[in-house]
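To keep things clear, I will list the structure first and then write my remarks on it.
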Amino acid sequence: MAQIKVVDLAVGYETGVVADNINFEVNKGDYLSIVGENGAGKSTLVKTLLGLQAKMGGDIIYGDGLKAYSIGYLPQHTSVQKDFPASVGEIVLSGCQAGKGFNPFYSKADKALAKENMKKLGIDDMEKHCYRELSGGQQQRVLLARALCATKELLLLDEPVAGLDPVVTAEMYKLIEDLNKEGITIIMISHDIANAVNYSTHILHIGSKFFFGTTEEYKKSDIGALFVGEES
Amino acid sequence: MEKLIEYLQFPFVRYAIIVGVLIALCSSLLGVTLVLKRYSFIGDGLSHVAFGAMAIAACANLTNEMVIILPVTILSAILLLKTGNNTKIKGDAAIAMISVGALAFGYLMMNVFSTSSNVSGDVCSTLFGSMSILTLDSEEVTLCVILSVIVVAVFIIFYNRIFDVTFDENFARAVGTKVSKYNLMIAIVIAVIIVLAMNLVGSLLISALVIFPALSSMRLFKSFKSVTLFSAIFSVICSLSGMLISILAGTPVGSTIVAVQVVAFFICFIIGKITGRS
C-alpha cells in the first residue's frame, strides 16, 4: 500500500485548472522530485496534497499508516517572516502543534522533541537566536527542524534550496538525503533538474509533458533526455 | 505630588486609572500579531465602525450603548479578517472602505437625528476620547474589568496557537490546526479591545494603542515571547504616565497617552540603533 496514491488528479484555482491527469504514487522511503516549468502547477499540486486547497477532480488516497495532517511541510518563505521577531526555539517548537487539536499547551515531550530535532540539524546552539538574522541556509534548517517535529513519516519540501549559494545548497541536499536514509519519505519540488536526478529515486514531471517513474526511467525517456540534457 | 494625591481621593479618578491600565494591557497583547499580519490599520477601521454604531445607539436613545456597539464591531472584525487575501477587494482597501463609510454614516446620523444640542462637541469627544474616561460609573468599570480579564485569559491560553497562525498560516493549516477558527477568535478579541479602548483614547487614536507598543518592542527584542511581554509593560507604563500627566496638566487623556507613546517609541528606536539590535 502506497503512502500517497494520486489518481487522475486535477489541481487549480477557482479561475481554472492548472494541471490535470496527474497519476503517481509514493511509497515509504521514496525520494520523489517534482519538476516542471514555471507555472506548471507544482506548488498548486503540493498545496492540494496538503489539503490547503480543494482538488478539482480525481482522488488522493493516503495509506500505509500515513494519517491526515502528519506530513511535515517546508513552505517557501512568506513576507511576514522577513521581520517576524521569533527565536529559533519558538519556531521549531511550533512544529509540535501538529495533532494537538484543541490542547493549547506544549508538553515536556514536545519540548524534548524540538530539542532533538534542533540537534539533528545542527542548530541547537542557536536556540535563542533571532530567526530573521540567520543566513538563508540556517533559516531553512530551522524550518526543516520544525517540519520534522510535525512528522515521522513524510516531508514535503517546496523548493528548499531556492536562493541558497552552491555550498549551502550541497549541504542542504546532503541533509535531506540523510533524513531519507533514516526512512523518512521525501517529496520535493525542485527547479534544479541536475540535482533532482542525482538524489531522488523517482521523478514526477508535470507541465506541457507528463512523466512519472524512477529516475533511471526518466533519464532514458524522451522528456528526461531533453531536460537533463539542457541542464548539463 | 500633593495635587495628585488629592485627585486620587476621587473615585472616578481611581476608576479611570484602573480601566486605563487594563485597556492598555489588552490592546498591547494582540498588537504584535496585528502588525505582523499587516493589519495595523484594522484598529482604525473597527473604531470607526464602533463610532458609527455608537451614533446609531445614541439616536435610538438606548440606555446601554454596548448592546449595539459590541456586536456590530465584532461582526465587522470577522468580515475584515475573513475576507483576507481571497476576495476582489483586498485587505487594506476593505478596511479603508468600511472605516470611512461607517464614519460618514455615523456623523450623518448624529447630525440628522441627534437630540443633543451640542452635536460637534459629542462628535469630538467620541473621536478623541476627551473626558469620557473620567465619567465612567461603577457598572461600566465592572464591564471593562470583566472584558479585560477575558481578553488576557484568552490570550494566555491560546498564546502558542496565536504564534502559530501569525508566523506561518500555511504550515499551521497543513498540520491540521484550525486556522480559520483561530483567526475568528483573534478578530473577536480585537473587536472587544477596540470597543474598550474607545473609552480611553477615542476612536481616532486607537491604532496608536495597538501598534506603538508592538513596534517599540520589536526595536529591542528578538523572540515572540520577549516582544509580547515588553509591549505589555511598555503599554501599561505609557498609559499610566499619560493619564497622570493629563490629570496634573489638565490635558486631554487620549492624546496625552499617545504623545507619551510616540516619545517612548523614539527612545526605544534610538536605544535599538545604539545597541545595534535593529
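Reminder, nothing fancy here: chain letters follow the sequence lines and each chain counts from 1. These values consider heavy atoms only, across backbone and side chains, with no hydrogens, waters or symmetry-generated copies.
- Only the side chain of A/Tyr131 comes within contact range of chain B, judged by heavy atoms closer than 4.5 Å.
- Between chain A and the residues B/Ile157, B/Val179, B/Val227, B/Val32, the most heavy-atom pairs under 4.5 angstrom are made by B/Ile157.
- Of the two parts of B/Ile156, only the backbone, made up of N, CA, C and O, holds a non-hydrogen atom closer than 4.5 Å to a non-hydrogen atom of chain A.
- The side-chain hydrogen bond (donor to acceptor under 3.5 Å, both in side chains) test applied to B/Thr142 returns no partner, not counting sequence neighbours.
- With respect to chain A, the highest number of heavy-atom pairs below 4.5 Å among B/Ala174, B/Ser226, B/Ser217 belongs to B/Ala174.
- For the pair B/Arg161 and B/Phe155, the NZ or CZ position fails the cation-pi test of under 6.0 Å to the six-membered ring centre and within 45 degrees of the ring normal.
- Not a single donor-acceptor pair under 3.5 Å links the side chain of A/Gln3 to the backbone N or O of A/Leu154.
- Interface residue B/Lys181: only side-chain heavy atoms are found under 4.5 Å from chain A.
- No side-chain heavy atom of A/Leu74 sits under 4.5 Å from any side-chain heavy atom of A/Asp158.
- Taking the six-membered ring wherever Trp is involved, the centroid distance between the rings of B/Phe224 and A/Phe84 falls below 6.0 Å.
- Of all non-hydrogen atoms in A/Lys42 and A/Glu37, the two that sit nearest each other are NZ-O, 3.1 Å.
- Most heavy-atom pairs under 4.5 Å with chain B: of the set A/Leu49, A/Ile91, A/Leu50, this distinction falls to A/Ile91.
- Interface remark: A/Leu93 contributes no atoms to any contact with chain B (heavy atom separation under 4.5 Å).
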